[in-house]
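Reviewing the structure listed below.
Heavy atoms only: backbone and side chains are in, while hydrogens, waters and symmetry mates are out. In what follows, chains carry the letters A, B, and so on, assigned in the order in which the sequence lines appear, proteins first and then strands, with residues in each chain numbered from 1.
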2 protein chains.
Amino acid sequence: MSDLPRISRQFSQRSVMEAIVQGGPISRASISKLTGLSKQTISEIVRGLEQEGWVQETGRTSGHVGRTAVTYELVHDAAYIIAVDLGGTKVRVALTDLACQIFAEAATPTDPRGGQFVIDQIAALAFQAAARERIPRKKIRLAVIGAPGAPDPATGRILLAPNIAGFDAMNVLDAFEKALGVAVMIENDVNLAVLGENWLGQGQGIDNLAYIALGTGVGSGLMLGGHLVRGATHAAGEIGFMPIGADPFAAESLRTGAFERAVATHAITERYRSLTGTQVAVPAIFENAAAGDKGALAVLDETARYLAQGIAAIAAVANPEKVILGGSIGLRPEILSRVKALMPLCFPYPVTVEAGELGARAALIGAAAIGLGQLHNTLFGVDAPDGRISLPTAQAAALKEVVL
Amino acid sequence: MSDLPRISRQFSQRSVMEAIVQGGPISRASISKLTGLSKQTISEIVRGLEQEGWVQETGRTSGHVGRTAVTYELVHDAAYIIAVDLGGTKVRVALTDLACQIFAEAATPTDPRGGQFVIDQIAALAFQAAARERIPRKKIRLAVIGAPGAPDPATGRILLAPNIAGFDAMNVLDAFEKALGVAVMIENDVNLAVLGENWLGQGQGIDNLAYIALGTGVGSGLMLGGHLVRGATHAAGEIGFMPIGADPFAAESLRTGAFERAVATHAITERYRSLTGTQVAVPAIFENAAAGDKGALAVLDETARYLAQGIAAIAAVANPEKVILGGSIGLRPEILSRVKALMPLCFPYPVTVEAGELGARAALIGAAAIGLGQLHNTLFGVDAPDGRISLPTAQAAALKEVVL
DNA sequence: TTAATTCGTTCTGTCACCGAACTTATTGAC
DNA sequence: GTCAATAAGTTCGGTGACAGAACGAATTAA
């Protein structure tokens, strides 16, 4: 396998690879039928891929009439990527192979000192995991970092990142590339969550998808027409500033965002305090509601009412087929059921609202998805601007259970 | 020129065509430098294009050292497209040639009987215009229809189309194709308006753009990452239903839309009536405001206040670089100036808001843009899914003045 | 054993493209 | 005026990515 495989074969190689990735062990004759390319060409391409170490023989067919066929398969460990979900309180790191299987996953509290400390922490976690699984560093090709805020690929900086100290003043991309020694992609964590749910979760096969992460803050990720929407300054989905729920012209709304002030953690505890006079954390409010506390129930009702309006706004602007709720609050069934009931009362067209299937790991899985897509693209595709490699769901499904 | 040119040359031909379209009269040597293809290849491709009638010699260079070069140019009249902007009250029809010049434009009141009558009316207008300019029907390759509502390419129907009688019950696409005898694309008129402003108006070179058409109703068109956003049911941009300005849970808001009830024509006249007790049409209110009528001024202030919130919601969700106002009300400078002043008070990040440059013809020009892009794609490109042909601005600029 | 069937290779051919060498037509310098 | 220098365009040979037909090889059903 060459170290920097510059593969000249153009478009066919890509589809052959896709057939092999999707089709599991597959014979060359079947690839030929699938791709429409001649058997001869397939043999050439597969020979090349085998020489470079990307695919390998795995067996032969048997049972049906005719000659037995040699089947080929991805070499799973030909390359690895690092997927990272970097939150304000917790870092998750995972290693994925080419066949979309997660090998190692680790999660620890984020280093509170921020900045370079966090970056070194992530690098250490990743390399420990690699060492544990005996993965040679050379085979790690790419790292995808999900982080809150609006990463700007041009400058490598992350704008609007409130959660990690020191990140607003440094070139995060460069620092990661130096620490990890591989190419790095940084993407907003909620954007990754949409990708994750689109790949393995609630949004499979849905090209128009919105993900709302509701917790300490609110953010949303949007996938429209199969493309991630990033916006002009990579700030698309900063729905905390939607003029819904609180007076948008209030000074406080310019800082925190009107919608965030209506639905996020602080809004909920504040609402409960003003109703009952007691200051309680969000989980306790949910408990109280379950126990029949009228104040808590009213708080949930009101929060859901604003959330439904926010979803209506997104639906009116972007018309997603499905809206997925995530985040510590968005995942609560008490919220989901209320929002589901309220939606038809404030929006005329049907909008499907569901809770995310991947829970807190949506962003991590999304990072793996985007990284694997990117890797397949750079390794086997030409620069097709639209190039979305469809990753296999079957094998990756294992990932959902293997981990944690 | 073959009647159905199936051009086998793959990707190079496309870039050669693009160089010729963009570069005006251009020599083969220059094309070679521009595209990176060898001189030899360019000569071959250009020879092919010339034989098929798409390009022609136009002259020779002179002045600089070295041999003179033969320059080539598009054959402007090699193909035409029909662009239609079908409104509830007015139909506009235009004919455009391959070089993006509008040849004929006509506008008349929409046939009030709706349905097939409107389709026949449009066909008649188009063919009259073609005959006037001596354009043979064979050279018309495509028609693009802009219409309110959500056209569904799968069924050919237009959903949510309130303005034209009978359109909700028929296969509009089929009917148009039968009447016009060419391939037809139907697109939402506001979506076309974004494309128009993106091509020749306020949004040139801007990949993340929103267009808000404000008049009898409100609608918006969104271009994000260079792609038109259509949404799951082609209802993206139906911002009339954003839960802003009126109570979204009110029964009336489910029918008309809360935001529409806050900013569109009816809201303005109603607001003026409740303030002054007199029922006046919108233009009169603007006149009164200009004359210093306090009630009228208050109405404009309040309307702009809600509009600014709507823009804030779009900006929060989609993060466009620029928001363009259009429609009979959106184009008024009184509205624009107010909105510009209000934006920073209700949204923390800068959003550029401007009035459309193309006025009521934005959708028509957008129809031409999408049609020309599509035509260049089918004629000279392979099925590149992302394929946006960049149309020349210079020549098309003439179009802005020639017409009407 | 034979026929039917499928896999995979070999051989030949085509097409898109490149690069080098060469011809042709200019302008500018002496 | 002649002679570089320069640029445009063609001819020629070559390469790599395919296709298609023919053929050998391996397997099962009859």
Side-chain angles (χ1 to χ4, degrees), chain A residues 2 5-20 23 25-52 55-73 380-384, chain B residues 5-20 23-52 55-73 380-384:
Chain A
S2 63
R6 182 131 308 263
I7 290 160
S8 66
R9 230 180 215 92
Q10 300 270 319
F11 297 87
S12 318
Q13 182 161 44
R14 187 203 178 89
S15 30
V16 171
M17 248 340 247
E18 212 166 329
I20 296 176
I26 189 172
S27 74
R28 281 167 289 179
S30 310
I31 301 176
S32 169
K33 273 177 219 146
L34 265 173
T35 59
L37 296 162
S38 73
K39 289 193 290 179
Q40 206 278 333
T41 304
I42 302 296
S43 280
E44 273 178 39
I45 294 177
V46 169
R47 183 156 40 245
L49 288 170
E50 196 177 8
Q51 268 169 29
E52 302 200 33
V55 303
Q56 67 193 155
E57 271 190 54
T58 39
R60 329 192 107 251
T61 58
S62 67
H64 23 284
V65 238
R67 183 175 167 178
T68 54
V70 180
T71 55
Y72 289 83
E73 201 177 40
F380 313 115
V382 217
D383 41 0
Chain B
R6 183 133 306 262
I7 290 161
S8 66
R9 226 178 220 94
Q10 299 268 319
F11 298 87
S12 319
Q13 181 160 44
R14 187 202 179 90
S15 32
V16 170
M17 252 336 252
E18 211 166 330
I20 296 176
I26 190 172
S27 74
R28 279 166 293 177
S30 310
I31 300 176
S32 168
K33 273 177 220 148
L34 265 173
T35 58
L37 297 162
S38 73
K39 288 193 292 181
Q40 208 277 337
T41 304
I42 302 297
S43 281
E44 272 179 40
I45 294 177
V46 169
R47 182 157 41 246
L49 288 170
E50 195 176 8
Q51 270 171 28
E52 303 199 32
V55 302
Q56 68 193 155
E57 270 189 55
T58 40
R60 326 190 108 253
T61 58
S62 68
H64 24 283
V65 243
R67 181 174 169 179
T68 53
V70 181
T71 57
Y72 288 83
E73 203 176 41
F380 312 115
V382 216
D383 41 357

Partner set under side chain to side chain donor-acceptor pair (under 3.5 Å) for A:E57, not counting sequence neighbours: none
Find the bend of the helix from C:dT1-D:dA30 to C:dC30-D:dG1 as the angle between its two terminal axes (five pairs each), to the nearest 10°. 10°
Among the candidates D:dG9, C:dT26, C:dC7, find the nucleotide nearest to the side-chain atoms of B:T68. C:dT26
Given C:dA16, is OP1 or OP2 found less than 4.0 Å from the side-chain N or O atoms of B:T41? no
Taking only the side-chain nitrogens and oxygens of A:S43, find out if one of them lies under 4.0 Å from OP1 or OP2 of C:dT9. yes
Which of residues 27-39 of chain A have a heavy atom under 4.0 Å from DNA chain D? A:G36, A:L37, A:S38
For B:S15, the side-chain contact (heavy atoms from CB on, under 4.5 Å) test, sequence neighbours excluded, returns B:T35, B:L37
Report yes if a donor N or O on one partner sits less than 3.5 Å from an acceptor N or O on the other, where the partners are the side chain of A:R67 and the base of D:dA26; otherwise report no. no
Atom pairs under 3.5 Å: protein N/O with N/O of nucleotides 28-30 of chain D:
none

In Å and rounded to the nearest 0.5 Å, what is the NZ to OG distance from B:K33 to B:S27? 7.0 Å
Is the closest side-chain heavy-atom distance between B:I45 and B:M17 below 4.5 Å? no
Would you please name every residue forming a side chain to side chain donor-acceptor pair (under 3.5 Å) with B:S32, sequence neighbours left out? none
